[in-house]
2 protein chains.
Amino acid sequence: MATRKAPRQPDTTTPEAQLAEAELHHITGYQLAQASIVTAQLFIEQVGKPFELRPVEFTVLMLIADNPGVSLRQLSRALAMTPPNITMWVDKLVERNLVTRERSATDGRAQHLSTTEAGLALARQSCQVLREAERVALGTALSPAEQALLIELLHKLACCRSED
Amino acid sequence: MATRKAPRQPDTTTPEAQLAEAELHHITGYQLAQASIVTAQLFIEQVGKPFELRPVEFTVLMLIADNPGVSLRQLSRALAMTPPNITMWVDKLVERNLVTRERSATDGRAQHLSTTEAGLALARQSCQVLREAERVALGTALSPAEQALLIELLHKLACCRSED
DNA sequence: TATTGTTATACTCTATAACTATA
DNA sequence: TATAGTTATAGAGTATAACAATA
């Protein structure tokens, strides 16, 4: 009977070094950073190196693909990055003929960004590869339902963002 | 009847700019990055500025506090950082008299790190402040149960890490 | 006057290579 | 030979300030 409810000993140690996390275990920002080590490594190997895309480049390309005509300012806000940095990343995508700039007809200051055919193809393929790679790698620790739940919890958390 | 099960339209747009995430929505690495914007901002305001601690400094200080005698190599592995960087961060903590270095008695190469009284006090206080700040801020979007669940899912994901 | 976007520049953080000392 | 830690240096990524053009 006593073994039915095994005295669960939750693992609260760091990956690799098995250091005690204690109070740190309950800090969401810390756990986000630890989890990001896994996904960042996965991205570099499966998408970054093969497709020559940096994480930000991938995200910017995806957002442009899914939001044709989006402006630099909108990307800046969506990713909480400064305008000069967005300009730099978009520049790199334009130079590779993955994205096109177009002046707005209604507002001479703004620009409309769109993917080229090559850019759209790269977005679709790299995203598919990454999603499949995450499904497999994360599957060793999280069930499909847990993976989906994690996504939704992270999205809810992300929407807490305060304006600037 | 048709209104009972309202056709749920899950929000799959980015914070702030409300851009469509589409496929990107299901990329865990992307959602981790978006969620980190919230916690990073929270950290800077509540701990970073008041206690003059960078995110890595805070984490290193906490791990030393919870693991007296830990080595630089262990910290390096736990945080997936290179030895030179860990050395630099520990240097800063030692210079502020928050951490002490001590040569290992059994292995002349290794060092044992410990917090000073001031270091331990700072670790305890900053962690308490941060945990409370996260509880309140995240509480606008996540229930206490969801916050706890998120921590555990992130920890499981973090433990997927491949050995270098 | 406010907003969009760019240029120039400095700062933060991290990675690599070479080295010392010890096992 | 392998490991723990350091030093020096280069690179990636980001932020700030100043500016041009348009609303």
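Just so it is clear: chains get the letters A, B, ... in the order the sequence lines come, proteins before strands, and each one is counted from 1.
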Ignoring backbone atoms, establish whether B:Q74 has a side-chain N or O less than 4.0 Å from OP1 or OP2 of D:dA4. no
Winner on side-chain proximity to B:R101, out of D:dG5, D:dT6, C:dA8, is D:dT6
In whole angstroms, the gap separating C1' of C:dT14 from CD of A:Q41 amounts to 15 Å
request  = Indicate whether OP1 or OP2 belonging to C:dT14 is found under 4.0 Å from a side-chain N or O atom of B:W89.
outcome  = yes
Between its two end axes (five pairs each) the helix from C:dT1-D:dA23 to C:dA23-D:dT1 turns, nearest 10 degrees, through 0°
Exercise. Where the side chain of A:E134 meets the backbone of A:T39, is there a donor-acceptor pair that is under 3.5 Å apart?
Worked result: no
Taken to the nearest whole Å, NZ/B:K49 to C1'/C:dT12 is 16 Å
Self-check item: Distance-only donor-acceptor test, A:R109 side-chain atoms vs C:dT3 base atoms, 3.5 Å
Solution: yes
In whole angstroms, the gap separating C1' of D:dA21 from CD of A:Q111 amounts to 11 Å
Donor-acceptor pair, distance only, cut-off 3.5 Å: does the side chain of B:N67 make one with the backbone of B:L63?
yes
Between B:N85 and A:T106, whichever has its closest DNA chain D nucleotide further toward 5' is B:N85
- Message: Is it the case that the side chain of B:R131 and the backbone of A:I27 share a donor-acceptor pair, with hydrogens and angles ignored and the cut-off at 3.5 Å?
- Response: no
| A:Q31 and A:H25 side chains, donor-acceptor separation under 3.5 Å | yes
On a heavy-atom basis, the closest approach of B:L53 and B:S126 is CD1-OG, 4.3 Å
Are A:R73 and D:dT22 close enough that a side-chain N or O sits under 4.0 Å from OP1 or OP2?
-> no
Separation of C:dT12 atom C1' from B:E52 atom CD, nearest Å, is 16 Å
When rounded to whole Å, the CG to P distance for the pair A:L79 and D:dG13 reads 14 Å
Consider only side-chain N and O atoms of B:T13 and B:Q18, and report whether a donor and an acceptor are under 3.5 Å apart.
-> yes
Considering every strand and a 4.0 Å limit on heavy-atom distances, what is the contact class for A:S104: base, sugar-phosphate, or nothing? nothing
Checking D:dG5, D:dT14, C:dT6 against the side chain of B:A110 (C-beta onward), the nearest is D:dG5
Of the candidates D:dT6, D:dT14, C:dT6, the side chain of A:T87 sits closest to C:dT6
Here the distance between atom C1' of C:dT6 and atom CE of A:M81, to the nearest Å, is 15 Å
Taking every heavy atom of B:Q46 against every heavy atom of B:V129, the minimum-distance pair comes out as O-CG1, 3.6 Å
With a 4.0 Å cutoff (strictly under), does any side-chain N or O of A:T82 reach OP1 or OP2 of D:dT14? no
Rounded to whole Å, CG of A:L53 lies from P of D:dG13 at a distance of 12 Å
- Query: Looking at A:R54, does any N or O in its side chain come under 4.0 Å of the phosphate oxygens OP1/OP2 on D:dG13?
  - Reply: yes
Closest of D:dG5, D:dA23, C:dT4 to the A:D107 side chain is D:dA23
Rounded to whole Å, the CE-C1' distance (B:M88 to C:dC11) equals 13 Å
Checking B:L79, B:D66, B:L75 against A:L19 for side chain to side chain contact (heavy atoms under 4.5 Å, CB included), the one that qualifies is B:L75
